[in-house]
Amino acid sequence: MTELAFLSDPAAAYVRSFRAKVVALPPGAVVLDRTFFYPTGGGQPNDRGTLGVPGEESAEVVDVTKSGSSVVHRIRGPTNVLRRFSVGVEVEGTLDWERRYRHMRLHTGQHLLSARIFARTRLRTRRAQMAGTSANLDLEGTLPPEVLPLLAADLADALAHPHPVTLRHIPRAEWDANPFAERSGLVPLPTQVDPVRVVEIEASDVCPCGGTHLRSTAEIGKVTIRPPVPAEGGDRVGFSLVDASRPTPPG
Ligand SMILES: [Zn+2]
């Protein structure tokens, strides 16, 4: 079992390097007792980076996936580096921060855009997908064209007048009793999820989510929204980060 250490609190999403113990070595891969590497899921791509014995040459982390309750880090490197991994050994992981921070900006931008689309049109998001410097949202219907400039103004406003993003872990029973029925996402919460990790963008959105998010909507930066195109079952609307390598403000 791997502790998903990036989930615990908002600051945990900003951890770039960490130490952990090797608990299993599937072929070509490493399982740790805890990790800050995000495994592919919920539309957010996996992290990449390096993993190695402290003070020694590191292996490259090329893929990260969830397998049951474990996180599997697929690694690549010279044989002498790979041979240093053994069960019980302490290793140091370092995230490819530029990549991860882009995903945090896209992911938080997606929450905000889904919320604004819902507020303006009552259309909910069926699915979201992030890759590189852009994100796509698949909606449950057709987006009226006149809404597009309003959404662009909403995102610009979130940059000019930032909202904090906060995190709570609440018991499932509490969530079910007050499920924020007005939420902008359509994906049902799996029955086994308890407690529920609730991500809130102040005055904008409440959403159960296991991804990595920013502390503030200001960090999303400038984005450009792409006009909707028809996708299966509704429109697909996308946005891209204008400045893909925006520096991370000190927390
Ligand atoms: Zn999220």
Side-chain angles (χ1 to χ4, degrees), residues 3-15 35-47 64-66 71 95 97 99-119 123-140 151 154-155 158-159 162-170 172 175 179-190 192-221 223 225 236-241 246 248 251:
E3 182 203 338
L4 305 175
F6 54 83
L7 289 178
S8 59
D9 59 64
Y14 286 81
V15 171
T35 190
F36 286 86
F37 281 97
Y38 184 80
T40 301
Q44 183 176 332
N46 64 281
D47 286 329
V64 184
T65 53
K66 194 107 186 281
V71 174
L95 273 62
W97 183 250
R99 175 182 165 90
R100 156 62 95 73
Y101 191 55
R102 277 199 303 271
H103 294 160
M104 288 162 63
R105 292 171 59 199
L106 290 169
H107 193 132
T108 310
Q110 180 263 310
H111 277 240
L112 185 63
L113 186 56
S114 287
R116 295 313 301 156
I117 289 171
F118 183 66
L123 288 172
R124 288 176 294 176
T125 300
R126 288 189 297 118
R127 201 177 81 102
Q129 196 68 42
M130 295 135 232
T133 58
S134 68
N136 281 322
L137 286 61
D138 288 352
L139 307 177
E140 60 177 343
L151 296 172
D154 286 342
L155 292 183
L159 183 58
H163 300 291
V165 183
T166 56
L167 194 56
R168 286 176 292 150
H169 295 87
I170 64 168
R172 177 62 185 252
W175 173 263
F180 304 97
E182 292 284 281
R183 54 182 278 241
S184 58
L186 261 179
V187 183
L189 193 59
Q192 75 276 14
V193 173
D194 189 8
V196 181
R197 185 176 188 258
V198 181
V199 178
E200 182 164 0
I201 301 177
E202 187 192 69
S204 303
D205 189 42
V206 177
C207 182
C209 187
T212 57
H213 308 86
L214 302 169
R215 293 172 286 228
S216 161
T217 59
E219 292 182 39
I220 299 169
V223 302
I225 302 183
R236 172 172 296 169
V237 61
F239 69 93
S240 299
L241 305 174
R246 195 170 198 267
T248 312

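Start at 1 and go down the list; that is how both ligands and their atoms are numbered.
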message = According to ring-ring contact (aromatic ring centres under 6.0 Å, His included), who are the partners of Phe37, at least two apart in sequence or on a separate chain?
response =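 Partners of Phe37 under the ring-ring contact (aromatic ring centres under 6.0 Å, His included) test: Phe18, His73.
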
key: Electrostatic pair Glu140:Arg126 at N-O distance under 4.0 angstrom   =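 Judged by the 4.0 Å cut-off on N to carboxylate O distance, Glu140 and Arg126 do not form a salt bridge.
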
request  = Using the side-chain contact (heavy atoms from CB on, under 4.5 Å) rule, pick out the option among Gln44, Met130, Gln129 that qualifies with Leu106.
outcome  =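 The side-chain contact (heavy atoms from CB on, under 4.5 Å) with Leu106 is passed solely by Met130 among Gln44, Met130, Gln129.
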
query = Is a side-chain N or O of Ser216 found less than 3.5 angstrom from the main chain of Pro162, in a donor-acceptor match?
reply =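 No, Ser216 side chain to Pro162 backbone: no donor-acceptor pair under 3.5 Å.
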
task = Would you check if the side chain of Thr125 reaches a backbone N or O of Ser114 as a donor-acceptor pair within less than 3.5 Å?
result =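 No, because the side chain of Thr125 does not come within donor-acceptor range (under 3.5 Å) of the backbone of Ser114.
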
task = Would you list the protein N, O or S atoms within less than 2.8 Å of the Zn ion (ligand 1), leaving out water?
result =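 Protein N, O or S atoms closer than 2.8 Å to the Zn ion (ligand 1): His107 NE2, His111 NE2, Cys209 SG, His213 NE2.
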
message = Restricting to non-hydrogen atoms, name the atom on Val165 and the atom on Thr108 that form the minimum distance, rounded to 0.1 Å.
response =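 Reported closest heavy-atom pair: CG2-CG2, 4.0 Å.
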
